[in-house]
Number of protein chains: 2
Amino acid sequence: MSESEVLAYLDAHQQEHVEQVRRFVRQPSISADGTGITAMADLVASRIRAIGGAAEIIPTEGHPVVWGRLDAGAPKTLLFYGMYDVQPVEGETWTVPPFDGEIVDMPTHGRSMVARGVFNSKGPMAGFFNVLGAYRALGGKPPVNIVFMIEGEEELGSRHLPQFVESHRDRLRADAAYFAFYGQDPRGVSNIYLGTKGIVFLEFICRGGAWGGPEKRMIHGSNAVWIGSPTWRLLQALASMMGRDEQILIEGFYDEVADLDADEEHLLERLTEVWNERETLAAHDVRRFKFEGRGESLLRNYLTLPTLNIDGIVSGWIGPGSKTVLPNEARARVDMRLVPSMDIERILGRLRRHLDGQGYADIQIEVWQTYPWARTKWKSTVVQAMVAAIKSQGIEPYAWPTLAGSAPMYLFSTVLGMPFVMGGLGHGGRAHSPDEYATIEGMRLFERSVAAFLERLAAS
Amino acid sequence: MSESEVLAYLDAHQQEHVEQVRRFVRQPSISADGTGITAMADLVASRIRAIGGAAEIIPTEGHPVVWGRLDAGAPKTLLFYGMYDVQPVEGETWTVPPFDGEIVDMPTHGRSMVARGVFNSKGPMAGFFNVLGAYRALGGKPPVNIVFMIEGEEELGSRHLPQFVESHRDRLRADAAYFAFYGQDPRGVSNIYLGTKGIVFLEFICRGGAWGGPEKRMIHGSNAVWIGSPTWRLLQALASMMGRDEQILIEGFYDEVADLDADEEHLLERLTEVWNERETLAAHDVRRFKFEGRGESLLRNYLTLPTLNIDGIVSGWIGPGSKTVLPNEARARVDMRLVPSMDIERILGRLRRHLDGQGYADIQIEVWQTYPWARTKWKSTVVQAMVAAIKSQGIEPYAWPTLAGSAPMYLFSTVLGMPFVMGGLGHGGRAHSPDEYATIEGMRLFERSVAAFLERLAAS
């Protein structure tokens, strides 16, 4: 069948396809506490079967991976990497129930589904399945073979995915990898992504010990007159790592930070033409960036800087009432985002040396998860197929050398040695936040861009 | 009847008197969330009536005050100030249920009741009632009239007590005030207290705003590459207040800190003879003090230094799993303990100026509660009566010019203009901590010391 038949089918069946997205978001699947994980894996596997593929739910030491294959008898194979888990919603204030899939008329975005996971990343995954389903409904097959690898621990840092990839290399053979993503901003500007930052997620733990401080329990706060505080100690240790100018003060932290290459410099130049500061700020309800400067200088920071972010900190009594205690423990969770060519072990070594050097050898570092940064080349076939696909929809795509976020794309670029691309048309936002959303019109555009992408990948 | 008859009665009825303590600790009365407050106020009022007094439960804007009077037709009147509320137990790990009043054989302390409030301060209050009950059981009356003022918000900073005192001055007329306290350390050394530090309990709140940072919700942690963090901001603001040498860096913070007077210097000298560093450390399971130096130098710090303690801090995601977020808010609860002659308003002004001067004008300070420091003179009648009472039990008392802790004793010394004393024999520990305890033998000694105190106060 022709590409235009497929596109027409997608447009004609949009309502039904939106319902497929809703089916996915209505099934909670919170990897942090395991809620709904099994049911969601089943749902994904049965959807793969429904569109003509084979699927298996393969156990790992954590949540299982849904693996599948849709053989189209085509010369090329695309590895679809997806995630069926979502972030928790606990403690968040939503304007609609987060797992209902309600469609709301949003002030600036128009008709949108508001639900946990609709943007990150059940909406795009469901859309990808819808496209494959369209080929089947039209009595054909997609133009490339598809291998599916859909994990349930992306939001836990893909803990067991590296092991899965190592053990199933033969089942993951493909020419390129794809991570589906609604890549348009609120104005419709289309973005695709050629890389991800690495991540080191860790917890600092400071307890009373040889240095002083209560060791076994919180004690009466008035003892602070002569007994040291693990809370102050952790605060001072953390403060020693971050300058008020937002420079990270860990010695050597920036030493391996690489410049952009020539292609990436060109991409940055193009991004500068369309990227809109105010819109980025508005999307996050933020009034200003933390750096002075505008346009290219901000974008260059975004693309090239590593970060040291506090995700959570807790110590002492935070319940109701004014309990005056001297805490025996303070904890802070931190994520570091790494850029080429930073090395995880080297950075962890520098962090430990920083603490030791500042006199905080007692402060524990518990590493929860890590994975390296990843980059794919602008000129690779899969990237160029996506660029051409988006252009075919009358839209000019802008390629980002990297996301600021992290995903284990190094498994493709480094471990499996294949190029990858992340993107597609469509718009959504508020990942990891209340009122995560994706527009209904964006869902339609996304499916069109995926069909066009598969066609161009097959032809390239 | 004679003092020795009363003492003999107390010894003979100890088991029954311990049961009275248990009745009190078995009734939870957590002012922070209101649990059991009404039932506890009833219990206290009915106990006052049972020992021959009149009692009223007088509403305030918060938890009620139990007021009472036991008229002995005596020339002197003692104002008994007590508290019927306790600290929360949520989040604490106890070895026995905290509201059962179990008696446990503790390794170093011997037979002890382990329960929330048994030390702070239901045990001493119940013991005081037991002594008054003994006079009644013996067919007599206590040697002084007693006025009772027992509040249910001590652990909330006695929020409504000042207003109560102002409105009921006529019902609070007395010659002196008394706060009952198990004042012996684990070796049996007897301590009484002539003062309390003042307290300022407040919360710092840092949110995204004009300076940057997310304003409405937590956002994806990868945005930390270009968006500021309220968590880092609060940490840096806090760190700017506290040197690594434990000196508070708020300009002028120490300006009004007074030296000890001549009597207090003498008391310090005597304390140095008996105070045991290792024991204080062991009581709190702490290995070292935060200051170098020993003996007198540590004690002088304890008596004369104000503090800035972090009671609780929270920001971001602290639940299960590794949620990578850039928080939109960070909060820290802090208590400052004030010594003579620091002034609450002046200190709050300096704190605000410090934050403003450091560029943190946006950080909110929410004052939850304050009250001033209080001191009573060593030579006052009520103090000397307590000293003589303890000596009469064959024990040498040591008087501390102040506790490091806070209690609204200024209501007596400053507002009502009467001297006060805090103390008595007996031993307990772990106030505001799991496994709060008081020894059974200490309960007996406490009651004896109270009877001797009332007799000597009447005679003085």
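None of these values were measured; they are calculated from a predicted model. The chains referred to below are lettered A, B, ... by the order of the sequence lines, with proteins before strands, and numbering in each begins at 1. Computation of the quantities below employed the complete heavy-atom set of this structure, encompassing side-chain atoms and omitting hydrogens, waters and symmetry-equivalent molecules.
If you measure heavy-atom distances from A:Ile199 to chain B, the contacts under 4.5 Å come from the side chain alone. Using a 4.5 Å cut-off between heavy atoms, A:Ser240 does not touch chain B at all. If you measure heavy-atom distances from A:Arg244 to chain B, the contacts under 4.5 Å come from both the backbone and the side chain. When heavy atoms are compared at a cutoff of 4.5 Å, A:Glu90 approaches chain B by way of both its backbone and its side chain. Neither the backbone nor the side chain of A:Asn328 comes within contact range of chain B; no heavy atoms are under 4.5 Å apart. For chain B, the nearby part of A:Met218 is the backbone; its heavy atoms alone come within less than 4.5 Å. Only the side chain of A:Glu246 has a heavy atom closer than 4.5 Å to any heavy atom of chain B. Looking at A:Glu92, only its side chain comes within 4.5 Å of chain B, counting heavy atoms on both sides. A:Glu153 does not touch chain B: none of its heavy atoms, backbone or side chain, sits under 4.5 Å away. For A:Ala283, the part sitting under 4.5 Å from any heavy atom of chain B is the backbone (N, CA, C, O) and nothing else. Heavy atoms of A:Asp335 lying under 4.5 Å from chain B belong exclusively to its side chain. For chain B, the nearby part of A:Arg430 is the side chain; its heavy atoms alone come within less than 4.5 Å. Using a 4.5 Å cut-off between heavy atoms, B:Glu203 makes no contact with chain A at all. Residue B:Glu277 does not touch chain A at all, counting heavy-atom pairs closer than 4.5 Å.
Within the model, atoms CD1 of B:Ile227 and OG1 of A:Thr280 stand 8.0 Å from one another, a figure rounded to the nearest 0.5 Å.
Remark: B:Trp368 engages B:Phe201 in a ring-ring contact (aromatic ring centres under 6.0 Å, His included) (not counting sequence neighbours).
Between the B:His284 side chain and the B:Val286 main chain, no donor and acceptor come within less than 3.5 Å of each other. Of the possible polar contacts, none joining the A:Thr231 side chain to the A:Ala330 backbone as a donor-acceptor pair under 3.5 Å is found. In this structure, the side chain of A:Arg288 engages the main chain of B:Trp211 through a donor-acceptor pair within 3.5 Å. Put simply, the side chain of B:Thr307 never gets that close to the backbone of A:Ala224: no donor and acceptor are under 3.5 Å apart. The backbone N or O of A:Val325 sits less than 3.5 Å from a side-chain atom of B:Asp311, completing a donor-acceptor pair.
Proximity of the aromatic rings of A:Phe181 and A:Tyr193 is defined here by a centroid distance below 6.0 angstrom, and this criterion is met.
Contacts classified as ring pair (Phe, Tyr, Trp, His ring centres under 6.0 Å) and involving residues 285-328 of chain A (residues at least two apart or in different chains) are given here: A:Trp275-A:Phe289, A:Phe289-B:Trp226, A:Tyr302-A:Trp400, A:Tyr302-B:Trp226.
Interface summary for chain A: among B:Val314, B:Val334, B:Ile310, the most heavy-atom pairs under 4.5 angstrom belong to B:Ile310. Chosen from B:Ser31, B:Pro214, B:Gly209, the residue pairing most often with chain A at heavy-atom distances under 4.5 Å is B:Gly209. Most heavy-atom pairs under 4.5 Å with chain B, from the set A:Thr324, A:Asn301, A:Leu305: that is A:Thr324. If you tally non-hydrogen atom pairs under 4.5 Å between each of B:Ile30, B:Leu238, B:Asn120, B:Leu234 and chain A, the highest count goes to B:Leu238.
Taking both residues in full, the closest heavy atoms of B:Gln87 and B:Arg116 are given as O-NE, 3.1 Å, listed atom of the first, atom of the second, then distance. In plain terms, the two heavy atoms of A:Thr196 and A:Met409 that are nearest each other are CG2-CG, 3.7 Å.
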